[in-house]
Amino acid sequence: MFESFLRFFRRLDGRIKVAMSGAAVQYWSQAFSGQYNQLYARELGADYVQIGSLNSIGAGITSIVSVPLGWATENCGVRRILLLGFACAIISAAVYALAGSWWILVAAVILSTVALRIVYPLTDVIFIAYTRPEQSSTLLGLSRMVWGTLSIFAPLIAAVIVASFGGINAQGIRPLYFVQLFLTVVAFFLVAMKLKNIPTRVNREEEKPSSKDNRFIQDFQELFKGERYLKRWIVLRTIDQFAVNMAVPFIPLWMVNVKGASPYVLGAVGTVSAVTSSLLQVPAGRLADRIGRKRTYYLLQPLAYVGTSILILAPRPEYLVLVGLLGSVGLLGAGAGGVSSTPLITMHWEMVPREKRGRWYGVEGLMTGSTIPATIIGGILWQYGFMREVLILPILLEALIVVPILITVPDTLKRSDR
């Protein structure tokens with residue numbers, strides 16, 4: 001099986017390999033410090049509502065810039081916008097490393113959110129554009145396996161550093177961001193030197209001069225022409241992102257402040273999560289390329305619900321390692337349940353033809369606007385003691401709204417214009 005994966009990797013387009021490598025370095029740097037972002041803000045003086053508001057501010061800015069970024073991606077090329085994303089990540093890591101108060105993190109969170117909004121979606125755009133349709137989900141699974149495998153030991157190394165520099169406090173966490181800064185600079189130069197320019201729009205007809213002033217609006221109006229289920233998909237993704245992001249900022253706080261997790265328990269959860277995800281990504285991708293994106297999602301996503309139940313009910317911190325194994329709603333791409341995101345992401349990009357994916361990327365960013373009230377509501381509920389509800393509500397939203405809508409949307413596995 002390993003030889004089969006190796007042959008598959010060797011046959012990939014060079015642009016895919018470079019994009020995958022750059023994103024892998026960035027992914028490792030985020031896995032290294034990501035569990036500590038909210039704890040760091042808390043140690044710098046932020047209360048729970050302010051922690052939720054930090055994420056909301058980042059989501060709000062991302063929603064504003066996403067449509068122009070999507071249009072620019074089609075008209076300026078993927079490479080330039082991708083490098084912009086890495087540049088934002090560099091500045092964000094520097095601000096985190098030098099921050100002396102929680103409100104300074106506003107700039108870091110905005111830049112980090114914009115970077116996330118650019119780097120991974122555009123990397124997926126490259127994957128989908130330069131591989132065969134029947135291998136798309138396998139490739140996305142392979143990319144997540146590569147990223148996860150490389151980051152397996154990141155949480156444990158981070159735990160050792162935090163413990164060595166004073167434990168879970170600002171002084172102990174700060175060194176992680178200097179490491180992240182160095183790695184992000186490496187990723188930027190790797191992509192800058194090795195990645196060729198990648199146009200996303202093909203065979204564009206010459207436009208009349210009189211229409212150029214309105215080209216921006218016309219391009220996005222054209223996106224929805226002939227795409228019957230696109231609006232329904234937007235509703236689905238918006239509610240799904242609302243549900244997930246309600247819990248995202250508060251899971252590390254729950255583990256540490258409620259369940260008493262130490263840096264080493266957090267490291268173990270992250271490592272088990274990375275190992276599990278890495279082992280299952282490619283099989284899940286292959287399964288999605290055989291039986292469909294939706295069926296694979298239905299098969300794997302319930303594991304995240306079980307993981308969330310364990311997160312809530314765990315009698316001792318050691319049980320939280322099972323959350324790393326199974327995943328949880330709010331731990332994106334984590335554990336066995338998090339692998340369900342791979343076929344769903346594949347389906348997302350296959351909802352439109354290749355020549356529309358730049359604009360689709362821009363519209364997708366508007367969906368992140370749903371995370372603005374989500375994190376604020378989560379922060380308010382948390383502040384008033386409704387901690388379990390913050391973890392339970394996302395499951396109810398997904399099970400009662402997202403899944404029923406998904407049932408009505410046709411699978412994209414056999415879509416002919418991909």
Side-chain angles (χ1 to χ4, degrees), residues 59 62-64 66-67 69-71 73-74 117 120-121 124-125 127-129 133 136-137 140 200 217-246 284 288-289 291-302 304-305 329-330 332-333 337-374 377 393-418:
T62 301
S63 297
I64 293 171
S66 285
V67 171
L69 279 175
W71 187 84
T73 298
E74 288 195 353
R117 178 73 203 102
Y120 300 114
D124 287 340
V125 167
F127 293 164
I128 300 297
S136 297
S137 196
L140 262 68
T200 57
I217 297 175
Q218 291 173 349
D219 281 349
F220 281 94
Q221 289 176 337
E222 183 191 34
L223 171 65
F224 291 91
K225 289 183 179 179
E227 308 296 340
R228 179 180 175 186
Y229 295 98
L230 218 52
K231 294 179 181 178
R232 199 175 302 180
W233 183 262
I234 289 174
V235 174
L236 181 154
R237 289 284 289 172
T238 299
I239 296 174
D240 185 50
Q241 291 194 45
F242 179 94
V244 168
N245 282 277
M246 178 181 288
D289 285 334
I291 69 172
R293 319 316 189 194
K294 292 169 56 174
R295 290 179 180 176
T296 306
Y297 175 82
Y298 298 149
L299 182 65
L300 294 171
Q301 182 62 11
Y305 303 154
V329 178
L332 302 176
V339 177
S340 65
S341 64
T342 299
L344 205 64
I345 291 170
T346 307
M347 187 172 176
H348 173 81
W349 292 114
E350 291 174 344
M351 289 295 294
V352 298
R354 175 180 172 180
E355 64 271 13
K356 292 183 177 181
R357 284 180 187 145
R359 285 164 287 171
W360 183 226
Y361 157 76
V363 170
E364 187 208 16
L366 291 176
M367 303 177 204
T368 62
S370 65
T371 66
I372 298 173
I377 291 171
L393 281 174
I395 296 179
L396 297 178
L397 289 172
E398 285 196 358
L400 300 179
I401 301 179
V402 173
V403 172
I405 295 177
L406 182 60
I407 292 172
T408 69
V409 178
D411 202 299
T412 58
L413 176 59
K414 298 185 182 299
R415 178 168 176 156
S416 61
D417 60 351
R418 293 180 300 162

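- The minimum heavy-atom distance between T296 and P343, with the atom names listed, is CG2-CG, 4.0 Å.
- Counting heavy atoms from C-beta outward, L397 and V402 have side chains that stay 4.5 Å or more apart.
- Of all non-hydrogen atoms in S341 and G338, the two that sit nearest each other are OG-O, 2.8 Å.
- In this structure, CD1 on I234 lies 9.0 Å from NE2 on H348, to the nearest 0.5 angstrom.
- One distance of note links CG of L406 with CD1 of I401; it measures 13.5 Å at 0.5 Å rounding.
- Using a 4.5 Å heavy-atom threshold, the side chains of K294 and T412 count as separate.
- Looking only at side-chain heavy atoms (C-beta outward), T238 and W233 stay at 4.5 Å or farther from each other.
- Taking the side chain as every heavy atom from C-beta outward, T408 and Y229 never approach each other to under 4.5 Å.
- A 4.5 Å side-chain heavy-atom check between R293 and Y297 finds every atom pair outside the cut-off.
- Separating the CD1 atom in I239 from the CD1 atom in I405 is a distance of 4.5 Å, to the nearest 0.5 Å.
- Residue R237 holds its CZ atom at 6.5 Å from CD1 of I345, rounded to the nearest 0.5 Å.
- With rounding to the nearest 0.5 angstrom, the CD1 atom of I291 is 6.5 Å from the CG atom of L299.
- Residues E398 and A243 share a closest heavy-atom pair of CG-CB, 4.2 Å.
- The closest donor-acceptor contact from the side chain of N245 to the backbone of Q241 lies under 3.5 Å.
- Between M351 and V409 there is a side-chain heavy-atom pair separated by less than 4.5 Å.
- Put simply, CG on L300 and CG on L344 are 11.5 Å apart, with the number rounded to the nearest 0.5 Å.
- Here the shortest heavy-atom pairing between P121 and W349 reads O-CZ2, 3.6 Å.
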